[in-house]
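Residue numbering restarts at 1 for every chain, and letters A, B, ... go by the order of the sequence lines.
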Amino acid sequence: MTDQLVETAAGRAVAATRPPRAQRIGARPGIWTTGLLAGAVWLATGAYSGLVPDADDFPYTFDFAVGLSVIGAILLGLALLGPTARIPLRTLRYWGPWLVVVPLGLLAWEIVTAKLELLPRPFFVPPQALVEVYFDDWEKLGLSTVASLKLLAWGYGIGAVVGVALGVAIGWWRAAGYWAHPVLRFIGPLPATAWLPVAFFLFPSSWSASVFLLALATGFPVTILTWSGIASVNKDYYDIARTLGGNQRFLVLKVAIPAALPHVFVGLFMGLGTSFAVLVVAEMLGVKAGLGWYLQWAQGWAAYANMYAALIVLALMCSGLVTLLFRVRDHVLAWQKELVRW
Amino acid sequence: MVTETLSRDIPAVSAASGIRLTVENVSHAFTLKDAPLPVLSQVSFTAEPGEFVALLGPSGCGKSTLLRLVAGLEQATEGRVDADGAPIRTPDPSRILVFQDPTLYPWRTVGDNVALGLEARGILRRERTRVGKALSLVGLASFAGAYPRQLSGGMAQRVALARALVNDPRLLLLDEPLGKLDSLTRITMQAELLKLWEDARFTALLVTHDVEEALFLAERVIVFSERPARIKADVKVDVPYPRHRGDPRLAELRHHLLGLLGLDATW
């Protein structure tokens, strides 16, 4: 009797709220179906890679297979137990289809390289060759990444600071605009890499030359955009600040610059893109460190696996930095976004 | 209703807090490419301390320019503008301008916008409590953390008023501050403006092209001609506060003012 009451009460509660998620997507309750499929595909790819013999002697095939299988096992576990154990799978669910397609791609890659050798070597390497690079050469790759980040930080940092300062100066003082405008128009559009020979000659080291080139590449778009940001500030904002007792310093720091910030961030984003290009070129041609240098070095030794591995690291680094910049922007320009509605 | 209780409860608070504004033979012209464009011609009037004066005239006649001269944002080509006998040369926080657009800084919260004047003068840390008080005056105390884009037009204009009032201005220059609001918000805010003026007794100079607004708010209405603006008439609104919009004397004055503007055909 009591049980019945509890049951009906529970039944009503469920009916009153929304139907459970599993029912809505038409699957058995408590199981994440896409995850099940993804886990199976990862496991199958792992099994294929580990059990079918390689066409040649590739090291790390076993480790590659184990890695795939472990991912598959984890996905299977999460798919089966996650919903019942209340492990939040929101993000994973979103990426579900990708988690199915990625191992399929790896499988195809594995088939045409390691197993059947349909693609010419050494240009095309099997996936386990990348595993090999990350396992055996992680130190050099890591140091290269750090070197690239350091060079980028200096060059981009100087370029951004100088660019903002110059942009504000040109936008604010007529004299600064008079002198800087023609110079900017003349030199600005020149690709920073065109300066390479001159820079390597003029600067004491190729590293300082590269910092200069990076700063130049970053500085131009930042300057132009900051300037246009300052120029487009509503003139009434200045009148308001002046009647309220603001001096020149206040007008620049508290009115002009904050008002121009949306433009400044566009400039910083453009500058980041051009600075990546300059970074790789500078490292390939002069600096004896960094991912650009690693790429060049790997290519010179026909170590194509190392090259691909470095390319992946480089892509992750660049995309990570762009993401970081966007995060900073979203934080600083929170007043622009529709975060809260009344 | 609110104005009624207030005018009874609060005695005439220090009428001396307002500025005596003297405008003497002021003419002003903008320099355009080919020829100077005269906007003000031989304008003279005095606003007594604590007086509420409306400047009424056709749009584009140069009233707003006059306010900019009084604010000290521009210098008159000819004539004198004096505050308590001293010539006005630069802007000063004792004379605050409120625009038709609220022109709040979108990157600052409502509270930080109101704090602007205190911050510009470097007294924010000491006087921060004034920000909350000013926001309470306009009924927006709970919105200090909101951003301007989250406010309605009326709320934003209230914040602009709070941003002016936080400085305890002795002269408030209102450049069609209610011009862009819907008619209902407008009526509410006219009453609020009157209450703020009655409480603080600053001198108020209101530019408007709304005859009813001028008559409901001001003690005197100065009527301007088309550009270049000349004073056509200086009309005393001899109706005590609190005023009623349906007052027959106001209707009479409205007819008179519209006649001066050449628009009395339909009234």
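Enclosure of atom CZ in F269(A) is not indicated, since only 12 or fewer non-hydrogen atoms of other residues, nucleotides or ligands lie within 6.0 angstrom.
Only the side chain of N167(B) comes within contact range of chain A, judged by heavy atoms closer than 4.5 Å. For L118(B), no part lies near chain A; criterion is any non-hydrogen pair under 4.5 Å.
The most heavy-atom pairs under 4.5 Å with chain A, out of L73(B), T103(B), T90(B), come from L73(B). In terms of heavy-atom pairs under 4.5 angstrom with chain A, the leader among R121(B), R108(B), R163(B) is R163(B).
Atom CH2 of W335(A) is separated from atom OH of Y147(B) by 9.5 Å, given to the nearest 0.5 angstrom.
Heavy-atom proximity under 4.5 angstrom to chain B picks out N234(A), D236(A), Y237(A), D239(A), I240(A), A241(A), R242(A), T243(A), L244(A), G245(A), G246(A), F250(A), K254(A), V255(A), P258(A), A259(A) from residues 234-260 of chain A. Interface with chain B: from residues 149-178 of chain A, no residue qualifies, criterion being any non-hydrogen pair under 4.5 Å.
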